[in-house]
Undergrad: 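Okay, here's the structure, questions in a sec.
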Amino acid sequence: MTKTLLIKNARVLVTMDDERREIADGAVYIRDNVIEQVGRSADLPQQADEIIDAANHVVMPGLVNTHHHMYQSLTRVIPAAQNGELFNWLTNLYPIWANLTPEMVHVSTLAAMSELILSGCTTSSDHLYIYPNGCKLDDSIEAAGKIGMRFYAARGSMSVGQSKGGLPPDRVVEEEGAILKDTQRLIETYNDAGRHAMQRIVVAPCSPFSVSRDLMKEAATMARSFGVSLHTHLAENANDIAYSREKFNMTPAEYAEDCGWVGHDVWHAHCVQLDDDGIYMFGRTGTGIAHCPCSNMRLASGIAPIRKMIDSGVPVGLGVDGCASNDSGHMMGEVRQAMLLQRVGFGPDAMTARQALEMATLGGAKVLNRDDIGALKPGMSADIVMFKLDTIGFAGALHDPVAALVFCTPPNVSYSIINGKVVVRDGALCTIDLPVVIERHNALAHQLALAAR
Ligand SMILES: [Zn+2]
């Protein structure tokens with residue numbers, strides 16, 4: 001038995017289709033997990049198993065978050081890590097993260113996903129690169145299944161500890177053989193290569209300053225043998241560049257190319273300090289970038305030249321980054337910051353509201369190498385979010401409700417449909433008991449902070 005869902009009467013339906021149509025009095029007709037029709041309410045079927053009235057709402061494709069570390073929701077605003085740059089910030093946090101437990105990974109993933117979903121995100125990646133005390137990526141994957149989010153579980157790793165010249169303490173790094181073995185197990189157990197897939201595995205050594213060149217290369221070989229994507233951090237700030245020059249005698253972009261880390265199946269977080277040669281090479285090879293404006297501002301890493309990257313053909317998506325360096329996981333808030341920060345760096349016409357929304361939808365889909373999410377059109381996955389317009393935050397802005405989503409106070413969704421399932425109804429998550437998750441999350445965060453003292 002198939003199930004149909006009709007969303008109708010949208011004040012504006014933002015399609016992100018090839019013509020970037022915005023349809024007044026728009027509607028979407030969904031069968032099971034796939035969009036079947038998009039158009040004006042009057043032109044679509046009038047009946048369905050479930051009908052959602054979207055009067056006074058903007059309806060748009062769910063946002064795609066391309067970079068996160070969900071466990072970090074437990075370590076927001078840690079006093080010792082509030083005011084440092086990347087390397088200082090990391091060295092203050094590694095000892096705290098060394099006490100993570102499997103329950104903490106599971107609960108923090110639920111918390112981070114709740115915040116993302118409520119703020120308009122329907123697909124997220126999560127880069128988990130620290131596995132102490134029996135933690136496994138399976139703990140996050142299980143959480144994603146419970147809450148109903150489309151998920152890219154990135155099997156991160158660190159293998160070069162301080163004794164070998166890396167940044168992390170030795171006790172949080174793993175053996176390279178064990179990393180590759182576990183990565184293969186995860187791909188074989190969980191990766192769904194099909195269209196409308198709800199879970200994919202990504203091969204994701206943490207960064208050039210925490211893994212070896214061998215691991216970077218072997219990771220690329222493994223990912224390609226299974227047809228999965230690759231993800232890491234690259235060219236994040238000036239110290240990151242200095243490390244690359246000193247250790248490898250290469251720029252980060254040259255190092256990535258040397259290790260086989262370029263192509264449509266690769267995306268790098270940050271790239272704030274990517275040089276022009278790197279930008280052109282990424283554009284030529286279709287290598288993607290996860291832009292994380294809040295984190296870049298928080299750690300004073302700089303302003304990523306996103307306008308130039310997009311103009312050079314680099315696929316760019318948006319990421320909130322981990323909640324230890326944001327410390328918000330609000331996806332529409334990140335869209336707003338992306339627009340504002342490009343203007344600070346490159347002038348008032350460097351990014352429009354609609355371009356920022358496009359980066360967070362179509363851009364993210366492209367970075368994740370997908371053509372079934374990021375737009376509302378027939379044949380796409382049914383990932384749809386609705387924002388209510390008659391709120392104080394939008395008062396006086398309704399002559400352009402779409403731009404208002406980005407310029408005004410970042411809104412939460414009133415509805416979110418992921419893979420055809422209603423996950424948020426009337427502003428509340430339907431799949432988990434959020435107050436219970438928040439209470440447990442706070443208790444675990446307290447426990448983690450205390451353990452490090
Ligand atoms: Zn990161």
Side-chain angles (χ1 to χ4, degrees), residues 64-78 81 84-94 96-97 100 105 108-109 112-113 115-116 121 124-131 137 140 151-158 166-168 172 202-211 216 219 229-241 243-244 252 256 261 266-274 288-304 306 316-331 334 337-338 341 364 367-368:
V64 179
N65 178 42
T66 58
H67 189 63
H68 208 325
H69 313 286
M70 296 192 182
Y71 73 91
Q72 291 181 9
S73 299
L74 294 160
T75 54
R76 285 173 153 156
V77 294
I78 293 288
E85 61 70 61
L86 176 67
F87 283 15
N88 170 282
W89 171 85
L90 276 171
T91 40
N92 276 302
L93 286 166
Y94 285 138
I96 300 178
W97 297 338
L100 276 175
V105 171
S108 60
T109 304
M113 287 185 168
E115 191 176 18
L116 283 172
C121 182
S124 184
S125 67
D126 180 40
H127 191 187
L128 182 62
Y129 53 79
I130 189 162
Y131 294 89
L137 194 57
S140 327
F151 191 38
Y152 274 66
R155 207 302 181 182
S157 53
M158 300 193 290
L167 194 70
V172 297
V202 180
V203 183
C206 185
S207 64
F209 56 80
S210 56
V211 303
M216 290 293 284
S229 288
L230 287 159
H231 180 50
T232 192
H233 295 90
L234 200 77
E236 184 163 345
N237 74 358
N239 287 337
D240 198 355
I241 304 292
Y243 184 93
S244 184
W261 277 70
V266 184
W267 86 101
H268 296 277
H270 305 301
C271 294
V272 175
Q273 307 291 344
L274 198 66
I289 286 173
H291 175 43
C292 308
C294 284
S295 173
N296 297 160
M297 287 188 270
R298 160 54 146 109
L299 299 172
S301 300
I303 305 175
I306 298 303
V316 182
L318 202 59
V320 297
D321 203 357
C323 278
S325 70
N326 185 323
D327 304 54
S328 149
H330 198 290
M331 195 61 201
E334 204 68 26
Q337 296 291 8
L341 185 59
V367 161
L368 297 182

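If you're wondering where the values come from, they're calculated on a predicted model, not measured in any experiment. Sequential numbering from 1 along the given sequence is applied to the chain's residues. We count ligands from 1, going down the list as the structure has it; atoms in each ligand are counted the same way.
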Undergrad: Can you confirm whether Cys323 sits close enough to His68 that some side-chain heavy atom of one is under 4.5 Å from a side-chain heavy atom of the other?
TA: yes
Undergrad: Using the Zn ion (ligand 1) as the vertex, how large is the angle between NE2 of His69 and NE2 of His233, rounded to 10 degrees?
TA: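 About 100°, to the nearest ten degrees.
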Undergrad: If only atom types and distance count, is the side chain of Trp97 paired as donor or acceptor with the main-chain N or O of Ile130 below 3.5 Å?
TA: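 Such a contact is absent between Trp97 side chain and Ile130 backbone.
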Undergrad: Using only atom types and a distance under 3.5 Å, with no angle test, would you say the side chain of Ser301 pairs donor to acceptor with the backbone of Asn237?
TA: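 Absent.
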Undergrad: Tell me, which N, O or S atom in His67 is closest to the Zn ion (ligand 1)?
TA: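 This residue's closest N, O or S atom turns out to be NE2.
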Undergrad: Check whether Thr232 reaches the backbone of Cys206 with its side chain - one donor and one acceptor, N or O, closer than 3.5 Å.
TA: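 Such a contact is found between Thr232 side chain and Cys206 backbone.
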Undergrad: What is the name of the N/O/S atom in Asp321 that sits closest to the Zn ion (ligand 1)?
TA: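 Checking each N, O and S atom of Asp321, the shortest distance to the Zn ion (ligand 1) belongs to OD1.
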